Participant: 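For reference, the structure I am asking about is given below.
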Amino acid sequence: MSVVASRLAPEHVGLTPSEYQRVLERLGREPNEVELGMIGAMWSEHCGYKHTRPLLKLLPTRGPRVVQGPGENAGAVDIGDGLVVVLKMESHNHPSAIEPYQGAATGVGGIVRDIFTMGARPLALLDSLRFGPPESGRGRFLLSGVVAGIAGYGNCIGVPTVGGEVVFHPSYTENPLVNVLCVGLARRGMLVRARASEVGHVVVLVGADTGRDGIQGATFASAELDERSAERRPAVQVGNPFLEKLLLEACLELIDSGVVAAMQDLGAAGLTSSSVELAARGGRGIELDVARVSRREHGMTPYEVMLSESQERMLVVVAPEHVERVRAHFARWELHSDVVGRITDDGLIRVRDGARQVACLPIPLLTDDVPTYLREATFRPWPRLEEADLPEPGAVDPAEALLRLLGSPNLCSRRAIYRRYDHTVQANTVIPPGVGAAVLRVRGTRKGLALSTDGNGRYCRADPRLGAQLAVAEAARNVACTGAEPVALTDCLNYGNPERPEVYGALRAGIEGIADACRALGIPVVSGNVSLYNESNGSAIYPTPIVGVVGLLREVSAAVPVGFQRVGEVVLLLGPSGGHLGCSEYLSVIVGSEAGPPPPLDLALERAVQRLVVSLAGARLIASAQDCADGGLAIALAECCLAGGLGFEGSPTALERLVDDAGGRLDAALFGEGQSRIVVSCRPEDEPEVLATARALNVPAQRIGRVAGAALRWGNRLALPLGRLKEVWAHGLDRAFG
């Protein structure tokens with residue numbers, strides 16, 4: 001091949017001088033412009049995982065149910081009956097910061113493709129979002145655009161958005177986090193891998209025509225945002241959910257026919273990454289002809305075609321004798337397809353533009369040779385919580401504190417957001433969004449799936465390792481509260497610039513924390529995503545690992561709701577009683593401080609508490625369950641009351657015991673965020689068996705009251721009518737956004 005030196009500078013594609021020197025040494029020559037663009041994209045943080053690949057090896061990825069772990073488009077776990085659940089979480093943070101509607105919409109489209117590429121029908125979406133304070137104009141702008149993008153895309157393709165979370169904090173003002181989880185269902189024997197291993201197989205590109213949107217999007221997602229980032233708006237893709245719906249149905253039907261050898265969606269780095277990954281996983285090479293790629297814009301160069309991130313495109317690998325059948329199949333779905341290449345045995349990616357070869361690179365250069373970095377790790381100190389920082393005991397009225405917390409942006413109802421999402425399409429949603437984990441039925445079986453996401457940036461800023469453990473524990477606890485056994489985890493690791501020692505230290509500690517918790521709780525990590533360089537002008541987001549957990553219900557009819565069900569039920573607290581005010585929402589909202597360490601976590605006790613509530617639910621001994629998380633016990637009780645429309649009458653004796661255990665502080669007892677605690681209700685006649693089961697598992701358990709009346713009342717310490725609680729909680733976001 002005649003090689004012409006690139007007119008691009010290495011830094012224009014995200015390569016450092018030392019990385020470019022490494023390219024020259026490996027390649028033995030200067031790359032041309034197309035090759036340089038391909039290398040820059042594949043060596044970006046977004047595609048190459050330069051700072052996390054060595055660290056991700058710490059995660060436990062195996063288990064008796066694991067069918068597919070990390071390394072494919074998504075992970076898969078066996079749930080019996082010949083079925084597997086496929087799951088993956090991805091981020092679209094940088095695009096959403098620049099163009100919130102399309103950034104969020106294409107994030108949904110991308111994660112849905114990751115699922116049906118595996119041969120699984122997408123069942124549900126969950127989104128985990130972070131924004132700056134709602135009173136800021138930018139916070140309102142980003143939230144409005146992101147929510148509209150999620151709703152606009154998800155509703156159109158017929159995949160319900162059933163859960164997630166929204167958190168507001170100043171650290172996300174310039175860098176919102178838009179993390180989307182998708183789960184799907186497939187027959188075990190029909191799983192499709194993105195692995196092209198047969199020489200001579202044909203590569204077909206199907207779906208949207210290729211345009212100039214999203215070029216070098218992977219590089220854009222691997223750099224800090226600054227005042228010039230808006231100029232990168234062309235790096236944000238544009239989505240078409242109606243085309244994606246056609247692509248989804250056509251691909252699933254084609255997979256059922258048995259002619260698909262491999263399939264890969266075109267995401268970050270477009271045709272470059274999808275073709276390279278197909279060949280690399282199969283240990284083969286690939287030859288492409290960009291002249292055969294249908295385009296929606298005139299004058300596109302091979303560089304642009306190879307690096308475009310236009311959405312709704314798939315690569316399908318089939319045997320030569322099936323090509324015309326496959327193209328006719330897609331044509332029936334009104335989808336255009338092009339034969340663009342073939343699988344070779346030389347370990348190279350060769351790119352032609354008709355008769356002219358425009359790139360030739362060894363596949364390992366774009367995969368195995370991507371540099372990895374082990375950086376210096378430091379820890380930024382966090383303010384200690386001194387007794388003098390807390391209000392005097394008794395100085396804060398608990399009723400007033402509860403109302404302020406319940407109406408605050410991070411604890412109030414999210415109905416104003418999730419009402420825009422269609423959570424009933426497909427008719428599988430058993431427990432809808434609102435409070436706690438969502439639950440779906442698995443059609444054709446008696447089983448169900450419980451889904452939850454969680455992450456607390458404040459905890460992780462204060463103690464990165466413990467904060468990550470707490471994220472895993474709470475997501476799994478939410479799932480367990482429905483009666484489901486947590487069976488798999490996917491994560492999205494959102495951090496700042498890893499080249500800074502304090503960010504790299506938090507990243508490493510966060511991954512270690514996830515590994516700690518997953519091993520202790522017996523939950524494998526089967527897929528995930530890393531999003532780094534979430535910074536603007538040198539200011540980073542709080543370290544925010546988000547975890548999504550999927551749980552299995554053997555009997556979906558036994559799914560446990562959050563709300564109290566009947567007057568006269570006994571209300572019990574499972575787990576330890578002591579409160580913890582460090583890093584709490586109470587401290588933030590009432591005191592205006594974030595000081596102190598996060599609450600401690602005993603992982604052995606956490607596992608026992610989760611096993612206990614799953615056991616009680618399976619035996620149908622509990623009527624409701626809600627974990628004590630942000631805002632503590634009082635918020636959990638209020639959520640149980642609001643979800644069920646019934647009041648709570650607390651035992652004064654039990655409250656005094658809780659106050660004693662909290663060092664004599666009523667606010668710590670009510671609003672402290674101690675871990676491994678679950679509020680459950682049960683019939684009075686079942687209370688002895690519930691307590692006996694708890695004793696058998698060495699889990700503390702105590703009666704704290706009963707379901708009664710139309711108020712949340714606890715002796716003479718706290719009394720609020722449900723109507724007042726509902727008004728404050730239901731309209732919190734409306735007030736926050738004016």
Side-chain angles (χ1 to χ4, degrees), residues 89-113 122 124-168 172-182 208 213-214 217 221 225 229-230 232-245 309-312 409-410 412-425 432-434 438 453 492 531 546 731-738:
M89 183 182 287
E90 279 274 8
S91 65
H92 239 217
N93 302 335
H94 281 61
S96 299
I98 302 302
E99 179 54 60
Y101 183 95
Q102 291 296 346
T106 53
V108 172
I111 194 64
V112 168
R113 288 195 301 278
L125 293 159
L126 293 88
D127 49 81
S128 184
L129 312 176
R130 301 291 185 276
F131 302 101
E135 61 269 18
S136 71
R138 180 163 174 79
R140 289 194 296 271
F141 165 70
L142 291 174
L143 175 68
S144 176
V146 165
V147 170
I150 292 170
Y153 206 102
N155 294 353
C156 290
I157 60 173
V159 180
T161 299
V162 299
E165 51 175 354
V166 183
V167 174
F168 301 94
Y172 309 107
T173 297
E174 298 300 325
N175 290 260
L177 301 186
V178 179
N179 294 179
V180 185
L181 183 154
C182 188
D213 50 324
L225 298 177
S229 293
R232 299 297 304 274
R233 195 176 298 269
V236 179
Q237 310 92 332
V238 177
N240 182 342
F242 301 105
L243 182 59
E244 175 119 334
K245 175 62 172 175
E309 294 183 7
S310 293
Q311 296 291 284
E312 292 84 41
N410 286 340
C412 66
S413 170
R414 268 71 180 117
R415 188 176 183 278
I417 294 173
Y418 69 73
R419 69 180 178 83
R420 301 184 62 181
Y421 307 150
D422 188 344
H423 60 264
T424 61
V425 65
T453 63
C492 196
S531 175
I546 302 294
H731 300 292
L733 279 184
D734 294 337
R735 286 190 298 271
F737 282 92

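Counting begins at 1 with the first residue of the sequence. Side chains are part of it too, since the values below use all heavy atoms of this structure and drop only hydrogens, waters and symmetry mates. Worth saying up front: this structure is predicted, and the values here are computed from it rather than measured.
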Participant: Please list all pairs meeting salt bridge (Lys or Arg N to Asp or Glu O under 4.0 Å) that have one or both residues in residues 150-165, counting only residues at least two apart or in different chains.
Facilitator: R130-E165
Participant: Once rounded to the nearest 0.5 Å, what's the spacing between atom OG1 of T173 and atom CZ of F131?
Facilitator: 11.5 Å
Participant: Drop me the distance from N93's CG to C492's SG, to the nearest 0.5 angstrom.
Facilitator: 6.5 Å
Participant: Just so I know, are the side chains of R414 and L733 near enough to count as touching, which here means a heavy-atom distance under 4.5 Å?
Facilitator: yes
Participant: Kindly say whether A97 contributes a backbone atom to a donor-acceptor pair with the side chain of E99 at under 3.5 angstrom?
Facilitator: no
Participant: Determine whether L129 and V167 make a side-chain contact, defined as any pair of heavy atoms from C-beta on separated by less than 4.5 Å.
Facilitator: no
Participant: Could you tell me whether a side-chain N or O of S136 sits under 3.5 Å from a main-chain N or O of P133, the two making a donor and an acceptor?
Facilitator: yes
Participant: Specify the closest pair of heavy atoms between S96 and L142, including all atoms of both residues, with the distance to one decimal.
Facilitator: O-CD2, 3.6 Å
Participant: Over all heavy atoms of both residues, which pair between N410 and V166 is shortest? Give the atoms and the distance, please.
Facilitator: OD1-O, 4.4 Å
Participant: Does any part of the side chain of L125, heavy atoms only, come nearer than 4.5 Å to the side chain of V180, both counted from C-beta?
Facilitator: yes
Participant: Looking only at heavy atoms, which two atoms of P122 and V112 are closest? And how far apart?
Facilitator: CG-CG1, 3.8 Å
Participant: How about D127 and Y421: do any of their side-chain heavy atoms sit closer than 4.5 Å?
Facilitator: yes
Participant: List for me each residue that meets salt bridge (Lys or Arg N to Asp or Glu O under 4.0 Å) alongside R735, sequence neighbours excluded, and say none if there are none.
Facilitator: E727
Participant: Measuring from I546:CD1 to S128:OG, what's the distance to the nearest 0.5 Å?
Facilitator: 3.5 Å
Participant: Using distance alone, with no hydrogens and no angle criterion, decide if N179 and S91 have a side-chain donor and acceptor under 3.5 Å apart.
Facilitator: no
Participant: On a heavy-atom basis, which atom in A208 and which in L243 lie closest, and how many Å separate them?
Facilitator: CB-CD2, 3.5 Å
Participant: Could you walk me through whether V238 and Q102 pass the side chain to side chain contact (heavy atoms under 4.5 Å, CB included) check?
Facilitator: CA-CA 6 Å; V238 177; Q102 291 296 346; 3.9 Å; yes
Participant: Under 3.5 Å, is there a donor-acceptor pair between the side chain of E90 and the main chain of L181?
Facilitator: no
Participant: Mind checking what makes ring pair (Phe, Tyr, Trp, His ring centres under 6.0 Å) contact with F737, not counting sequence neighbours?
Facilitator: F168
Participant: Among residues two or more places apart or on two chains, list those pairs meeting salt bridge (Lys or Arg N to Asp or Glu O under 4.0 Å) that have a residue in residues 140-159.
Facilitator: none
Participant: Under the side-chain hydrogen bond (donor to acceptor under 3.5 Å, both in side chains) rule, collect the residues that match up with T453, sequence neighbours excluded.
Facilitator: none
Participant: With side chains defined as the heavy atoms from C-beta onward, is the minimum distance between T106 and H92 less than 4.5 Å?
Facilitator: yes
Participant: Minimum heavy-atom separation for H423 and P433, please, with both atom names.
Facilitator: CG-CD, 3.6 Å
Participant: Just distance, no hydrogens or angles: give the donor-acceptor pairs under 3.5 Å from side chains in residues 148-155, sequence neighbours left out.
Facilitator:
from, atom 1, to, atom 2, distance (Å)
Y153, OH, E244, OE1, 3.1
Y153, OH, E312, OE2, 2.5
N155, OD1, D422, N, 2.9
N155, ND2, A151, O, 3.2
N155, ND2, R420, O, 3.0

